[in-house]
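Reckoned from all heavy atoms, side chains included, excluding hydrogens, waters and symmetry mates. In this text, all values refer to a predicted model and were calculated from it rather than measured experimentally. Naming: A, B, ... by sequence-line order, numbering from 1 per chain.
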Number of protein chains: 2
Amino acid sequence: MSQDPAHASAPRSRHRIGLDDQATDGQSARTRIQDVALQLFIEEGYDKTSLREIAEKLGVTKAALYYHFPTKEAIVASLTEDRVVAVAKILEWANAQPRTEQTRQELIRRYAETMRGPRSGQIIRFFERNQATVKDLGAGEAMRKQMVEVMNLLSTKTEPYDVQLRRSLAIFAIHASWFAMREREWNEEEGQAAALKVAIDLVAD
Amino acid sequence: MSQDPAHASAPRSRHRIGLDDQATDGQSARTRIQDVALQLFIEEGYDKTSLREIAEKLGVTKAALYYHFPTKEAIVASLTEDRVVAVAKILEWANAQPRTEQTRQELIRRYAETMRGPRSGQIIRFFERNQATVKDLGAGEAMRKQMVEVMNLLSTKTEPYDVQLRRSLAIFAIHASWFAMREREWNEEEGQAAALKVAIDLVAD
DNA sequence: GTCTATAGCAGGATAGAC
DNA sequence: GTCTATCCTGCTATAGAC
């Protein structure tokens, strides 16, 4: 999952306080960069978030980031790869199933499961808020294609338009529990349970 | 609606072929800029669309654009202002109604009506695909607030989470008919009718 | 109304010291 | 692993001629 050619085991040589030494909470430098970058990508947008800004927030310089990631885009790639693999597995499973209501519901259940990871919700949020930018980012293209494939599994072109639309909204229901209702105050558990319930209903006959 | 202090009636003085003289199809220079800009903002993203690119596509230079719009952001503002006014009117109406199922359905109907204009769908598409960027653009802020207000009118905080989510999805249903299902081939009429049907059902009890 | 030219700045990325 | 310094590019916006 982690393809870091350069420094599989980076030498902890110098005595200066750097990104990698702030790991008193068990977070690697790589992870800290990912967290800060993702947060900024969501709040400010990918384009408007400069590497300088990320570095500043981490207390280092731009150049330091380039030791951990070859490009800005690579940060996004590292963020999304795990989720892409997880969704790909679900799609593989779904493609081998008969196209029944029960399959749709199980597909939704499994898809909703992918939102349980600590960063999953944020990654979706990032994706939704940066669609235009992310679409030629490779990682974004992959996620977009997967979303379309999920929707295509939920309905066929021969079905009425309103059915197609209704079923597709199930995906938005799952995603939306993370971003559409920011104003309101419910906890994660409840939100996800509600989203799953609504989504399941949307794909029912 | 059109706040152009500088050139309410621009003098058609010179003989050179410019933006304003290409109006053989009845489009003003202003309109042509808006159309091209909006299209690029959707396809490439607001940030990544430079004024040079817009100008090039119109066969003029960057500087020419600055005659018609004082800033890049002003183009967005000019694009969204009519819709913001239209939605504001609907919100004003809705706020004066009792919070019944019938009101919700009528609210959805009226909201769906705003998608009938030629550019409305594109503007929503622009908004959705550039959320992160557009959020500190003034125009974007206004639209975001309106969307939240519509959702708040569709459900109250005391209602169960799944009901709140379900009702909020009605808005996405209306919007989605314009962008979520690009892969599939149905005409506008059918798509909007389907969206309205789904949305109405989502706000029903 | 449109042009050329340019100011002024910020971005991503690299080189090389430590 | 992180730094300083810098290259190169592209952006928004402005000045002033025509």
Whole Å only: how far is the [atom1] atom of [X] from the [atom2] atom of [N]?
X     : N      : atom1 : atom2 : value
B:Y67 : D:dA17 : OH    : P     : 18 Å
A:K48 : C:dG11 : NZ    : P     : 12 Å
B:D47 : C:dA10 : CG    : P     : 16 Å
A:L51 : D:dC8  : CG    : P     : 20 Å
B:K62 : C:dT6  : NZ    : C1'   : 10 Å
A:F69 : D:dG1  : CZ    : P     : 13 Å
A:Y66 : D:dC7  : OH    : P     : 17 Å
B:Y46 : D:dC11 : OH    : C1'   : 12 Å

Starting the side chain at C-beta, find the nucleotide from D:dT12, C:dC3, C:dG12 nearest to B:A63. C:dC3
Go through C:dG1, D:dG1, D:dC3 for me and flag the one nearest to the A:V60 side chain. D:dC3
Of all heavy-atom pairs between B:L38 and B:Q122, which one has the smallest distance, and what is that distance? CD2-CB, 3.7 Å
On a heavy-atom basis, the closest approach of A:A132 and B:G45 is CB-CA, 3.5 Å
Could you check whether A:T61 gets within reach of a base, just the sugar-phosphate, or nothing at all, counting any heavy atom under 4.0 Å? base
Any side-chain N or O of B:R52 below 4.0 angstrom from OP1/OP2 of D:dC11? yes
So does B:S50 get a side-chain nitrogen or oxygen closer than 4.0 Å to the phosphate oxygens (OP1/OP2) of D:dG10? no
Side-chain heavy-atom pair A:K72, A:Y46 within 4.5 angstrom cut-off: yes
Please determine if B:D201 and B:R166 form a salt bridge, counting it only when a charged side-chain N lies under 4.0 Å from a carboxylate O. yes
